[in-house]
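Quick caveat, the model's predicted, so the values are computed rather than measured. All values below come from the heavy atoms of this structure, side chains included, with hydrogens, waters and symmetry mates left out.
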Amino acid sequence: MSRKISIIGGGNLGTAIAEGLINSGFSSPKDLFITKRNTKTLQALKDQGATVSDNNEEALQFGQVIILAVKPFQIAAVLNSLSHLFDENKQVVVSVVSAVTVDEIAKSIGKDIAIVRAMP
């Protein structure tokens, strides 16, 4: 069974994670959804079959595993705009955002959801 993975933040780190998931065989491109304001830089992932968008809400609704890879100063605004869409029974959040604690993420989401902090 493959899990659908959404990566919110398709900058250098988010893109590297997506490419690593695909290249390692851990995830099929069709099971990846990655967001970025300027999606043109994600064309290579799109060409492989990943879903590429600037819509974080769609990404959140797609994924079972939500990887947060935005800049630290963006995290509160991103999570506050999405908090109503998190599904406690369906999703796990993995944050690779530096200097932002699990408690800060949990407070912004406002739901009892599994949150993991990972540093690459």
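Hydrophobic clustering of Ile, Leu, Val, Met, Phe, Trp and Tyr side chains at less than 4.5 Å, counting indirect connections, unites V65 with V52. Hydrophobic clustering (ILVMFWY, side-chain heavy atoms < 4.5 Å, transitive): V97 and I115 are in one cluster. Cluster membership for L60 and L79, using ILVMFWY side-chain heavy atoms within less than 4.5 angstrom, is shared. Criterion: ILVMFWY side-chain heavy atoms under 4.5 Å apart, direct or through other members. Under it, V100 and L68 are part of a common hydrophobic cluster.
For the atom pair T35 OG1 and E57 CD, the distance stands at 11.5 Å (nearest 0.5 Å). Separating the CD1 atom in I8 from the CG atom in N56 is a distance of 4.5 Å, to the nearest 0.5 Å. How far CG of L32 is from CG of L42: 11.5 Å, rounded to the nearest 0.5 Å. Here I34 contributes atom CD1 and E19 contributes atom CD; the two are 8.5 Å apart, rounded to the nearest 0.5 Å. To the nearest 0.5 angstrom, L45 atom CG is 11.5 Å from T39 atom OG1. Taking OG of S27 as the start and CZ of R3 as the end, the distance is 11.5 Å to the nearest 0.5 Å.
S81 places a side-chain N or O within 3.5 Å of a backbone atom of V78 that can act as its donor or acceptor partner. Panel note: side chain Q74, backbone K71; a donor-acceptor pair is recorded below 3.5 Å.
With contacts defined as side-chain heavy-atom distances shorter than 4.5 Å, the pair I7/I17 qualifies. Annotation: side chain of T41 is in contact with side chain of K36 (closest heavy-atom distance under 4.5 Å). Side-chain contact between V94 and I66: absent, with no pair of heavy atoms (C-beta onward) separated by less than 4.5 Å.
More than 12 heavy atoms of other residues, nucleotides or ligands sit less than 6.0 Å from atom NZ of K111. Other residues, nucleotides and ligands place more than 12 heavy atoms under 6.0 Å from the CG atom of N23. Within 6.0 Å of NZ in K90 there are more than 12 heavy atoms belonging to other residues, nucleotides or ligands.
Shown here for Q91 and L85, the closest heavy-atom pair between the two residues is OE1-O, 4.1 Å. Nearest heavy atom pair, residue E58 against residue N55, reads N-OD1, 2.9 Å. Nearest approach of I5 to F26, heavy atoms of both residues: CD1-CE2, 4.1 Å. Closest non-hydrogen pair, P72 versus I75, comes out as O-CG2, 3.2 Å. Pairing each heavy atom of F86 with each of I113, the nearest pair is CD2-CD1, 3.7 Å. Between S6 and A59 the shortest heavy-atom distance is OG-O, 2.5 Å.
Each of D103, V102, I109 was evaluated against I105; a single residue qualifies, I109, per the side-chain contact (heavy atoms from CB on, under 4.5 Å) test.
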